[in-house]
Every structure is written in C-alpha cells, then in structure tokens.
Amino acid sequence: MSAASSHVRYPVSLRRLFPRSSFVGCADVRVTDASDHSGECSPRTLFAAISGTRVDGAAFIKDAVARGAPALLVG
C-alpha cells in the first residue's frame, strides 16, 4: 500500500480553529481540506475567496458552493 492511499484526513472544527472569527449561521462546520481554487472544492473543503493579483476569488464563490463547499473564508 502506498503512502498516498493510507493517508487519513480528520475533520477539523472551524469554530475551534478560528475562535475569534465571526460565523454566519450557528452550525459548527468541520472540514478536511482548504483551497483557493473552486474546482478543487468538495463537501469537506473550506473555500478561501481571496483577492489575487489578476482575479478576485469572490467571483468563484458560486462555483465552490455548487461543488459542495460547506464554508467560505472571506475577507
């Protein structure tokens, strides 16, 4: 068995990870991954909608949500 196939991801509580942050809604969201590319989002991925040098990540929020992203990190 390769190292990649034995990799286990454990969900992390966003409220515990970011205790001083503001959350819209009351659910404690748990994620296993984070990405700033909407095409990599899934039901356990935090989407970071950050401004880039050429494109604003906020333009991809709808795509990330459509792919199942349960949480967004916006500034």
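Values below: every heavy atom of this structure, side chains too, minus hydrogens, waters and symmetry copies.
Between Y10 and T32, the shortest heavy-atom distance links the atoms C-CG2, 3.9 Å.
A heavy-atom distance below 4.5 Å is found between the side chains of L14 and V31. Within the 4.5 Å cutoff, side-chain heavy atoms of D28 are placed close to those of R30.
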When the side chains of residues 64-73 are checked against the rest of the protein, which donor-acceptor pairs come out under 3.5 Å, sequence neighbours left out?
| residue | atom | partner | partner atom | Å |
| --- | --- | --- | --- | --- |
| R67 | NE | D63 | OD1 | 3.2 |
| R67 | NE | D63 | OD2 | 3.1 |

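Residues that satisfy the salt bridge (charged side-chain N to carboxylate O under 4.0 Å, His left out) test with R54, not counting sequence neighbours, are absent from this structure. The salt bridge (charged side-chain N to carboxylate O under 4.0 Å, His left out) search around D56 returns none, not counting sequence neighbours. Checked against side-chain contact (heavy atoms from CB on, under 4.5 Å), A34 has the following partners two or more places apart in sequence or in another chain: L46. Applying the side chain to side chain donor-acceptor pair (under 3.5 Å) criterion to S35, with sequence neighbours excluded, gives E40. S22 is linked by a side-chain contact (heavy atoms from CB on, under 4.5 Å) to nothing, counting only residues two or more places apart in sequence or in another chain.
Alongside I50, the hydrophobic cluster contains no other residue (criterion: ILVMFWY side chains under 4.5 Å).
With salt bridges taken as basic N to acidic carboxylate O contacts below 4.0 Å, none links D33 and R44.
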- Message: Determine whether F23 and V29 satisfy the following criterion, side-chain contact (heavy atoms from CB on, under 4.5 Å), listing intermediate values before the conclusion.
- Response: CA-CA 10 Å; F23 292 85; V29 178; over 6 Å; no
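Side-chain heavy atoms closer than 4.5 Å link hydrophobic residues (I, L, V, M, F, W, Y) into clusters, and following such links, possibly through other members, connects I61 to V55.
S51 OG to D36 CG: the interatomic distance, rounded to the nearest 0.5 Å, is 11.5 Å.
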